[in-house]
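Each remark here refers to the structure printed beneath this line.
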Amino acid sequence: MAKDKRQIEVLLIDDEDNFRSSFILDAKSHRILIKGYNNLESALECLEENKKIKFVILDAKCFVNENQKTGEEDVEFLMYAPRAIEKIQQQQNRLIPMCIYTGYSEYSRISIKDLVLKYLEKGLQPDKLFHFI
C-alpha cells in the first residue's frame, strides 16, 4: 500500500518569531504546512476563512491582539483561544483539533470547559507533535 502523500494545513499561534520560522521549515519535511501567527486575533481570521486548516497548535502564553509587543504576552491566552476556536467549530460545523505546545510545564494539565487539551513540551517533542497531528 502506498503512503499517503497529502499535506495537512495547520495553524500555529506562537509569539516567538524565530520559533515559528524554524518550526514551519521543520514541519514541511513531515508534509505539514504551517500558517503561523503571533496573535490570536489574526489567527482566528485565518481559521475562519481557510477551511483547509485541520489542526491548531497553541503556545501557552501569547498575544491576544495583533498590536501587542514582546513583554505583553497574555497569560490568559489559553482561556480565550480554545473557546474562540470551539466557537468557529460550531459556527462552521467542522472539527478543529488542537494542542498546547509550550515550554511552560504548568500548563500540562489544563482543562477548559470540558475541553482537555493535549500538552507537548516545546523543543523536546517536535516529532511527537508531528505524529500527533
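Scope of the values below: all heavy atoms of this structure, side chains included, with no hydrogens, waters or symmetry mates. Sequence positions, counted from 1, serve as the residue numbers for this chain.
- A side chain to side chain contact (heavy atoms under 4.5 Å, CB included) with Phe23 is found for one member of Val10, Asn18, Ile32, Leu12 and no other, namely Leu12.
- In this structure, Gln92 and Leu47 approach most closely via the heavy-atom pair OE1-O, 4.3 Å.
- In this structure a side-chain-to-backbone donor-acceptor pair under 3.5 Å is missing from Glu48 to Ile88.
- To the nearest 0.5 angstrom, Ile133 atom CD1 is 13.5 Å from Met98 atom CE.
- One finds the CG atom of Leu40 at 10.0 Å from the CD atom of Glu45 (value rounded to the nearest 0.5 Å).
- Between Glu16 and Lys122, at least one side-chain nitrogen of the basic residue sits less than 4.0 Å from a carboxylate oxygen of the acidic one, meeting the salt-bridge criterion.
- In terms of heavy-atom proximity, Asn50 sits nearest to Lys52 at OD1-N, 2.9 Å.
- In this structure, the side chains of Pro82 and Leu58 come closer than 4.5 Å at one or more pairs of heavy atoms.
- Rounded to the nearest 0.5 Å, atoms CG (Leu11) and CD1 (Ile53) are 4.5 Å apart.
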Query raised in the report: Going through the checks in order, is the side chain to side chain contact (heavy atoms under 4.5 Å, CB included) test met by Arg31 and Arg6?
Result: CA-CA 7 Å; Arg31 306 203 51 79; Arg6 291 179 289 173; over 6 Å; no
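- The aromatic rings of Phe132 and Phe55 stand perpendicular to each other, their planes meeting at an angle above 60°, with 30° marking the opposite boundary.
- Put simply, the side chain of Ile57 reaches to within 4.5 Å of the side chain of Leu129, judged on heavy atoms.
- Looking at every heavy atom in both residues, Asp15 comes nearest to Cys62 through N-SG, 3.4 Å.
- In this structure a side-chain-to-backbone donor-acceptor pair under 3.5 Å is present from Arg20 to Asp14.
- If you take CD1 on Ile34 and CG on Leu25, they are separated by 10.5 Å, rounding to the nearest 0.5 Å.
- The side-chain hydrogen bond (donor to acceptor under 3.5 Å, both in side chains) analysis of residues 32-42, with sequence neighbours excluded, yields the pairs Asn39-Ser42.
- Residues Glu9 and Lys54 are not in side-chain contact: their nearest non-hydrogen atoms beyond the backbone lie 4.5 Å or more apart.
- In terms of modelled atom types and a separation under 3.5 Å, the side chain of Gln89 and the main chain of Ile96 share a donor-acceptor contact.
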